[in-house]
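Side chains included, hydrogens not; waters and symmetry mates left out as well; all remaining heavy atoms used. All chains are named by letter (A, B, ...) in the order of the sequence lines, taking the proteins before the strands, and each is independently numbered beginning at 1. None of the values given here were measured: they were computed from a predicted structure.
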Amino acid sequence: MNYWLMKSEPQTFGIDHLARAARQTAGWDGVRNYQARNMLRDGFRAGDHAFFYHSSCPEPGIYGVIEVVRAGHPDPTQFDRGSAHYDADSDPSDPRWYQVEVRLLTRFSHPVTLATLREHAQGALRDLALLRRGNRLSVMPVGAGEWKFILRLARDSRSS
DNA sequence: GCCAACGTTGGC
DNA sequence: GCCAACGTTGGC
């Protein structure tokens, strides 16, 4: 099983949206970055887990855990003229953009904030892609050790 | 709203 | 292929 971190702006699609979705499942669409696309297409497997990260909001951080229920497949919004993510240059016979389908597993009662993650930037989370300077990837891998460590932070913040 | 950092575009 | 201009991301 692989571990990931997936970013979204809660104004657009946050963990509450996923919680209210049918079967608490949704396509993670709209990713328009080639490096992220490659991970969605080639790296994600059904059964993988991911942190749901909220960006560009009052309290950036990890708000819960989601599970990949369907591996990479073409993102339908690229062919939808009405979509903000429509891509006129994408060829249906050779789609350019991919999505995965995710299901909500756990919503943390308190988020693991970016500030908390940064407290460990020199320690257990020194290799976390999220904390790398200038990182703008919306999808990124998380190591097994980092995963466990962050889950522990979530548990600790719950009891505080 | 500001700004740093990065990706993409397009002229050459 | 280079690189300047531009657009986007995302924290603050």
Sidechain-backbone polar pair: A:Ser8 side chain, A:His54 backbone, donor-acceptor under 3.5 Å:
no
Taking B:dG7, C:dG10, C:dC12 as options, the one with an atom nearest any side-chain atom of A:Leu114 is C:dC12
Look only at the side chain of A:Gln24 and the backbone of A:Leu105, and say whether a donor-acceptor pair between them is shorter than 3.5 Å.
no
Tell me, with the steps shown, if A:Glu59 and A:Thr113 meet side chain to side chain donor-acceptor pair (under 3.5 Å).
CA-CA 7 Å; A:Glu59 189 76 284; A:Thr113 65; 5.0 Å; no
Measure from CG on A:Leu131 to P on C:dG11 and round the result to the nearest Å.
11 Å
Distance, rounded to the nearest Å, where A:Glu59 contributes CD and C:dG11 contributes C1'
12 Å
With respect to the phosphate group of C:dT9, does any side-chain polar atom (N or O) of A:Lys7 fall under 4.0 Å of OP1 or OP2?
no
Counting the benzene-type ring for Trp, do A:His73 and A:Tyr98 have ring centres under 6.0 Å apart?
no
Under 3.5 Å: donor-acceptor pair, side chain of A:Arg107, backbone of A:Leu104:
no
Separation of B:dT9 atom P from A:Asn33 atom CG, nearest Å, is 11 Å
Taking the minimum atom-to-atom distance to the side chain of A:Ser56, which one of C:dG10, B:dG7, B:dA4 wins?
C:dG10
Return the value, rounded to whole Å, for the distance between atom CZ of A:Arg32 and atom P of C:dG7.
20 Å
Report the distance from atom CZ of A:Arg96 to atom P of B:dT8, rounded to the nearest whole Å.
11 Å
Quick one: label A:Ser55 by what it contacts on the DNA or RNA (base, sugar-phosphate, nothing), any heavy atom closer than 4.0 Å.
sugar-phosphate
Nearest whole Å is fine: how far is C:dT9 C1' from A:Tyr34 OH?
18 Å
Spacing between A:Arg133 atom CZ and B:dG7 atom P, to the nearest angstrom:
12 Å
Just the rounded figure in Å: distance from C1' of C:dG7 to NE2 of A:His85.
15 Å
Would you classify A:Arg118 as touching base, sugar-phosphate or nothing, given that sugar-phosphate means primed atoms plus P, OP1 and OP2, and contacts are heavy atoms under 4.0 Å?
sugar-phosphate
Distance below 4.0 Å between A:Tyr53 side-chain N/O and C:dT9 OP1 or OP2:
no
